[in-house]
Amino acid sequence: PVQILSYLGGVAKVEETDLKPRVGFLYSIDTHNISVFINATREQDSGQYMCTVNVLDDTIRLDKNVGIINLTVLVPPAAPTCQLHGSAVVGANVTLSCSSKKGKPSPMYQWQREPPTLQVFFPPAQDRARGTLKLTNLSLEMSGVYVCRAENQAGSTNCSIVLEV
């Protein structure tokens, strides 16, 4: 464990870590609320944080003076890349793929064909975890704009591809 913040003998001290310019006590210590803040959170701030309270001349009871919290910093998906795999000719099969390089938790993907012929896809044609959409036995009517949305709890973003059969 690395100490990031302390209050000892009436003095609050922020340790020399990458959190130093972004962390502090949320309230004045005399309120007896020792909540802390972290500004401008980053993915690498994720982890386990421990608060230890020791009162002078108090008998220390093991595990009674320690609080632990797990922090997971969510990251919205980066703009995904849409690709076409295969030859878009009548009667052929193609796979559309969608992939985002960033996102925590890993994004789920949803393909949709845009209006005027709106179409939403489901398994087994669509794999939401992998971001693939399999189109089989292509016809001229399947031409159009296909949009993939990459989404997690932190946000969503999309890309599109034009399929010309």
Side-chain angles (χ1 to χ4, degrees), residues 1-5 14-27 33-52 63 66-165:
V2 175
Q3 186 164 312
I4 57 172
L5 195 57
V14 183
E15 302 297 329
E16 291 294 333
T17 68
D18 66 336
L19 284 169
K20 184 170 183 170
R22 305 180 290 120
V23 70
F25 288 106
L26 196 56
Y27 304 105
N33 182 331
I34 55 172
S35 299
V36 299
F37 65 84
I38 301 174
N39 287 332
T41 53
R42 305 172 184 157
E43 185 176 2
Q44 56 266 35
D45 295 336
S46 295
Q48 192 172 74
Y49 289 79
M50 180 171 50
C51 171
T52 306
D63 299 332
V66 176
I68 293 175
I69 189 165
N70 290 305
L71 173 67
T72 301
V73 178
L74 303 180
V75 179
T81 302
C82 286
Q83 292 181 308
L84 168 70
H85 306 275
S87 297
V89 294
V90 172
N93 299 336
V94 295
T95 299
L96 304 182
S97 69
C98 180
S99 178
S100 182
K101 291 194 185 307
K102 271 189 184 174
K104 187 176 181 180
S106 295
M108 295 298 279
Y109 302 95
Q110 176 69 51
W111 279 98
Q112 166 177 313
R113 185 173 169 194
E114 290 293 276
T117 315
L118 178 63
Q119 187 176 4
V120 177
F121 300 95
F122 300 94
Q126 174 175 246
D127 184 326
R128 293 206 61 210
R130 287 197 174 110
T132 57
L133 174 65
K134 292 180 176 156
L135 300 174
T136 57
N137 194 17
L138 291 179
S139 64
L140 294 173
E141 294 78 31
M142 293 168 84
S143 295
V145 177
Y146 291 75
V147 174
C148 172
R149 186 176 78 239
E151 181 176 41
N152 66 13
Q153 293 96 312
S156 68
T157 184
N158 57 42
C159 63
S160 63
I161 195 162
V162 177
L163 176 66
E164 289 184 46
V165 181

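The model shown is predicted, which means the values in this text are computed figures rather than measured ones.
Cys148-Cys98 SG separation is under 2.5 Å; the pair is scored as a disulfide.
Contacts of Glu164 classified as side chain to side chain donor-acceptor pair (under 3.5 Å), with partners at least two apart in sequence or in another chain: none. Taking Asn39 as the reference, nothing meets the side chain to side chain donor-acceptor pair (under 3.5 Å) condition, with sequence neighbours excluded.
Between Ala88 and Leu163, the closest heavy-atom pair is CB-CD1, 3.7 Å. Residues Met142 and Val165 share a closest heavy-atom pair of C-CG2, 4.4 Å. Taking each heavy atom of Arg149 and Asn158 in turn, the nearest pair found is CA-CB, 3.9 Å. Between Val145 and Ser160, the closest heavy-atom pair is CG1-CB, 4.1 Å.
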>> Applying side-chain contact (heavy atoms from CB on, under 4.5 Å) to Asn33 and Leu26, what does each step give before you reach the verdict?
In response: CA-CA 8 Å; Asn33 182 331; Leu26 196 56; 5.9 Å; no

> Given Asn93 and Lys134, is the side-chain contact (heavy atoms from CB on, under 4.5 Å) satisfied, shown in steps?
Replying inline: CA-CA 7 Å; Asn93 299 336; Lys134 292 180 176 156; over 6 Å; no

>> Between Arg42 and Val73, does the side-chain contact (heavy atoms from CB on, under 4.5 Å) criterion hold? Intermediate values first, please.
In response: CA-CA 7 Å; Arg42 305 172 184 157; Val73 178; 5.9 Å; no

>> Using side-chain contact (heavy atoms from CB on, under 4.5 Å), reason through Ile4 and Val36 one step at a time and then give a plain yes or no.
In response: CA-CA 10 Å; Ile4 57 172; Val36 299; 5.8 Å; no

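Atom CD1 of Ile69 has 12 or fewer heavy atoms from other residues, nucleotides or ligands within 6.0 Å. With a 6.0 Å radius and a threshold of 12 heavy atoms from other residues, nucleotides or ligands, Lys20 has its NZ atom above the threshold.
Put simply, the side chain of Ser87 never gets that close to the backbone of Val89: no donor and acceptor are under 3.5 Å apart. Proximity of a side-chain donor or acceptor of Asn152 to a complementary backbone N or O of Val75 within less than 3.5 Å is detected. For the pair Arg22 (side chain) and Ala40 (backbone), a donor-acceptor distance under 3.5 Å is present. The closest donor-acceptor contact from the side chain of Arg113 to the backbone of Tyr146 lies at 3.5 Å or more, if one exists at all. Between the Ser100 side chain and the Ala78 main chain, a donor and an acceptor come within less than 3.5 Å of each other.
Rounding to the nearest 0.5 Å gives a distance of 11.5 Å between OG1 of Thr95 and CZ of Arg130. We find the CG-CZ distance between Leu96 and Phe121 to be 8.0 Å, quoted to the nearest 0.5 Å. To the nearest 0.5 Å, atom CD1 of residue Ile68 and atom OG1 of residue Thr52 are 8.0 Å apart. Here the CD atom belonging to Gln48 is positioned 11.0 Å from the CG atom belonging to Leu71, to the nearest 0.5 angstrom. Here the straight-line distance linking atom OH of Tyr27 with atom CD1 of Ile34 works out to 13.0 Å at 0.5 Å rounding.
Of the residues listed (Val147, Leu135, Leu133), the one engaging Trp111 in a side chain to side chain contact (heavy atoms under 4.5 Å, CB included) is Leu133, and it is the only one.
The shortest side-chain heavy-atom distance between Ser156 and Gln110 does not fall under the 4.5 Å cut-off. Contact check for Val90 versus Leu138: no side-chain heavy atoms found under the 4.5 Å cut-off.
Looking only at atom types and distance, the side chain of Ser139 has a donor-acceptor partner in the side chain of Glu141 under 3.5 Å away.
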